[in-house]
Amino acid sequence: MEIIRTVLELKAAVENFKKNHKIIGLVPTMGALHAGHMSLVNRARKENDVVVVSVFVNPTQFNNKEDLKTYPRTEENDCKLLESAGCDIVFMPSVEEIYPKEDTRVFDLGPVAEVMEGAHRPGHFNGVAQIVSKLFSFVEPTNAYFGEKDFQQIAVIRRMVELEGFKLNIVACPIKREDDGLALSSRNVRLTPEQRNIAPNIAKIMTESLTFAKSNTVKDTIDFVVNKINAIPQMKVEYYEIVDGITMQSVSDWNESAYIVGCITVYCGDVRLIDNIAYKK
Ligand code: PAF
């Protein structure tokens, strides 16, 4: 496995593989890798000749300085995991390498980016579009892999791909969970033991809501989830929205779409956790 830190070297390495007609899969990450990320890497390994994984904590997508400061960084362990998964190239650039000057691009991401995370984290998705578009133009992969835990992010990236005209496949991979249901996230390490014990209630209550939804309205299902989670000490729902799985716009009736997903953000103490569940697919 090659560890590359500059854009020039990355482009040269990729060019070399392309000359030999190799299919390249890219897995963009912010490091602090866990089994969720590794499931993307494993899938990329199966579907491509060459696997490139980027590890870069992208400052432009953090609208909260404290979150950026405390975001876990575990470079050495990330490299070990990637090496044993058969990754070919890990791209670990510095902030100066990616942003030698300020990236002032503003993407017209439209309605998919205006709701939920877009509404609660101003600028977040524009930052995601900035870094992912840079990575796509450096690597020009055939396939790029993203986890469905960040469900809305995938819709936003698809929109960015359309805007920029990238020719690649976005591969959406299912959420990986702990045995107790908690969605894997790099932020889980910040939970205290007590918070870690209660955090699985998010997935548990959303799963219970699948049955509730069968005989209740969308609005009542939202209330069901929000009230049950908010009743748990230390937990506070930031939003729970039930949306069309493609447009990310709220639905008010179960018949409004063939693909309906509930997307949640919950503060567990001061740790912001996100998750989602499909009601119809
Ligand atoms: O999902 C993430 O980890 C990040 O948003 C991504 C896609 C790697 C861009 O920094």
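Computation of the quantities below employed the complete heavy-atom set of this structure, encompassing side-chain atoms and omitting hydrogens, waters and symmetry-equivalent molecules. Note that ligands are numbered from 1 as they come in the structure, with each ligand's atoms numbered from 1 the same way.
Sparse packing is recorded around NZ of Lys176, with 12 or fewer heavy atoms of other residues, nucleotides or ligands lying under 6.0 Å away. The neighbour count for Glu208 CD, taken as heavy atoms of other residues, nucleotides or ligands under 6.0 Å away, is above 12.
The aromatic rings of Phe212 and Phe224 lie parallel to each other, with less than 30° between the two planes, well short of the 60° mark.
The protein non-hydrogen atom at the shortest distance from atom 3 (O) of ligand 1 is Met30 CG, 3.7 Å. Counting protein heavy atoms only, atom 2 (C) of ligand 1 is closest to Gln153 NE2, 3.8 Å.
Looking at Thr29 against ligand 1, only its backbone comes within 4.0 Å, counting heavy atoms.
Cluster partners of Leu68 are Met30, Val57, Phe62, Tyr71, counting Ile, Leu, Val, Met, Phe, Trp and Tyr whose side-chain heavy atoms approach within less than 4.5 Å, directly or via other members.
Annotation: side-chain contact (heavy atoms from CB on, under 4.5 Å) contacts of Asn64 (sequence neighbours excluded): Glu66, Asp67.
Ranked by closest heavy atom to atom 6 (C) of ligand 1, the top entry among His124, Lys149, Lys134, Gln61 is Gln61.
Each of the atoms 9 (C), 10 (O) of ligand 1 lies under 4.0 Å from some heavy atom of Ile131.
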